[in-house]
Amino acid sequence: MTPKLWFSMVFLGGLAVLGALVPLLPFDPNAIDPEAMVQPPSIVHWFGTDDLGRDILLRSLYGARISLVVGLVSVSISLMIGVSIGLIAGFMGGLGDAIIMRCIDVMMALPTLFLILMVQVVLEPSMLNVMVVIGATSWMGMARLVRAEVLSIKERVFVTACRARGIAEKTVLMKHILPHTLNPVIVAAMLGMGGAILVESVLSFLGLGVQPPHASWGNMLENSLGYLRSAPWMALIPGVLITLTVLSLNFLGDGLWLLLDPKAKESHVKRS
Amino acid sequence: MLSVRNLDVQFASKENTVHAVKGISYTISPGESLGIVGESGSGKSVSAMAIMGLLPPTATISGDIDFNGQSLRDLSNKDYRRIRGKKIGYIFQNPLAALNPVFTVGNQMIETIQIHHGVTKPEARDLAIDYLNKVKITDAHQRIDDYPHQFSLGMCQRIMIAMTLSMKPELLIADEPTASLDVTTQKEILALMDELTAETNMAMMFISHDLAVVSERCDTVGVMHLGTMVEMGTPKDIFTSPKNDYTRTLIDAIPKISF
């Protein structure tokens with residue numbers, strides 16, 4: 001357990017707990033207070049208020065809910081697609097594998113953000129759309145990772161031994177090969193979650209994600225544009241939160257990789 | 001029971017074709033044991049894997065493999081699964097590699113027993129413990145929940161034997177079952193196998209590079225060299241009047257202790 005891992009776990013855990021509990025408080029994040037517009041951080045409003053007098057701390061926590069949910073759901077979608085396709089491609093091998101991998105190459109060449117923007121413009125901008133589109137356009141790396149693992153695992157003697165005991169192909173793949181691919185998948189999922197949160201922020205910033213008056217870090221940033229000089233806290237707070245969250249997820253991915261992969265630990269020790 | 005006729009296996013790659021097995025034939029009757037001896041790369045294991053139908057797709061196979069009057073080569077994958085394990089058991093050279101490291105040995109034994117005997121999980125567990133006791137694993141009821149890496153190589157091979165025998169196969173293919181073990185463990189495992197096969201009267205195909213080990217326990221011995229069966233006969237014939245140069249080399253390779 002490195003300090004980086006501790007930091008990221010505490011930060012993300014705290015954010016998740018606060019995000020989960022904040023709706024229980026008797027405060028409305030969208031309540032406008034004309035008396036307290038664009039106020040700097042104070043005892044009443046710890047993170048200050050925005051141009052409509054809304055409390056930034058409260059809105060940040062509601063934004064955390066959005067970011068974490070988007071991260072979790074879109075990564076789950078990309079995990080489901082990526083792991084299944086990677087398993088199938090790796091296990092089939094041969095022509096089927098080649099066809100799937102070339103399709104993945106094509107998918108990877110598509111400009112993902114542009115695709116997401118198009119979907120959001122053509123369809124109604126909605127959270128569900130954001131999550132589905134991010135999930136559906138970010139599974140390729142996962143699929144490649146799983147395929148590579150399966151290709152090496154399926155050559156191991158115990159896989160042949162399973163077949164020699166009359167175990168069905170499906171069971172060999174799902175029960176005996178799948179668990180061996182999970183370590184790199186968990187790490188990639190953490191990194192993917194950071195990526196998904198960034199994409200959601202970008203979308204909300206562009207006005208194509210979470211719609212006002214609902215709070216998300218992206219649209220809070222967008223909101224702050226006109227006040228960068230007079231009220232820098234309005235931009236700083238969501239900006240720092242996005243940075244710390246994505247950083248924590250990357251640290252967590254790194255830390256888990258070190259914890260889960262014994263070979264990684266060796267090379268890490270050698271390096272330092 | 002098992003008859004292999006003109007079995008021929010080639011592995012094709014882009015650059016060249018490897019002719020691993022060149023038209024070998026043999027039969028094994030119920031209760032009989034056939035030993036196959038040869039050096040690494042002589043095609044012993046490949047021919048055994050061909051019987052199991054587990055050669056990689058790059059292999060081109062020709063010839064007939066009949067098991068109990070049924071041509072194994074015509075079987076669908078589904079029907080083949082009923083033969084593998086249940087009718088023909090296979091013991092691998094490296095027992096630690098043949099066990100999945102992420103599951104306990106009990107988990108893997110129970111899975112295997114349930115597939116072939118259609119019993120409930122607790123019944124399968126009891127059976128698994130019985131078989132672990134048979135192969136003399138001490139504290140079997142506790143050790144069944146241990147992972148493969150918690151056992152020594154010799155113990156792992158006992159577990160593999162227990163797992164294979166728990167399916168009650170009619171034919172046991174032992175592919176160099178003692179090659180990765182040290183001499184004393186080798187002796188124990190061989191004694192155990194002799195004891196258990198004698199008990200069940202199952203047929204056996206014993207693959208080894210050690211002519212002495214094979215001759216001690218097989219009714220017939222076949223000597224393979226570079227993919228062909230150069231000589232076949234009773235151990236006595238092979239030892240007393242070897243017809244082939246390679247067989248003579250093998251006999252000379254058996255260490256003799258003189259003081």
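Convention: sequence-line order gives letters A, B, ...; per-chain numbering from 1.
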Query - Crowding at CE, A:Met108 (>12 non-hydrogen neighbours, <6.0 Å) - result: yes

Query - Per-residue contact mode, B:Asn107 against chain A (heavy atom under 4.5 angstrom) - result: both

Query - Residue A:Arg165 versus chain B: region with a heavy atom under 4.5 Å - result: both

Requested in this report: Pick one of side chain, backbone, both or neither for B:Phe103, based on which atoms fall under 4.5 Å of a heavy atom in chain A.
Outcome: side chain

Report task. For chain B, find which of A:Arg156, A:Arg163, A:Glu169 contributes the most heavy-atom pairs closer than 4.5 angstrom. Result -> A:Arg163

**Report entry** Close side-chain approach of B:Glu111 to A:Thr171, heavy-atom, < 4.5 Å
**Finding:** yes

Query raised in the report: Of the non-hydrogen atoms in B:Ala98 and A:Ala161, which two are nearest, and what is the gap between them?
Result: O-CB, 3.3 Å

Report summary line: From the list A:Ala168, A:Ala164, A:Cys162, the residue making the most non-hydrogen contacts under 4.5 Å with chain B is A:Ala164

Query raised in the report: Taking C-beta and beyond as the side chain, do A:Phe158 and B:Pro148 meet within less than 4.5 Å on heavy atoms?
Result: no

Report task. Find out whether B:Tyr90 and A:Thr160 are in side-chain contact, i.e. whether some heavy atom of one side chain is under 4.5 Å from a heavy atom of the other. Result -> no

Query raised in the report: Under a 4.5 Å heavy-atom cut-off, does chain A meet the side chain of B:Ile115, its backbone, both or neither?
Result: side chain

Report summary line: Answer key: most heavy-atom pairs under 4.5 Å with chain A among B:Pro169, B:Pro57, B:Pro101 is B:Pro101

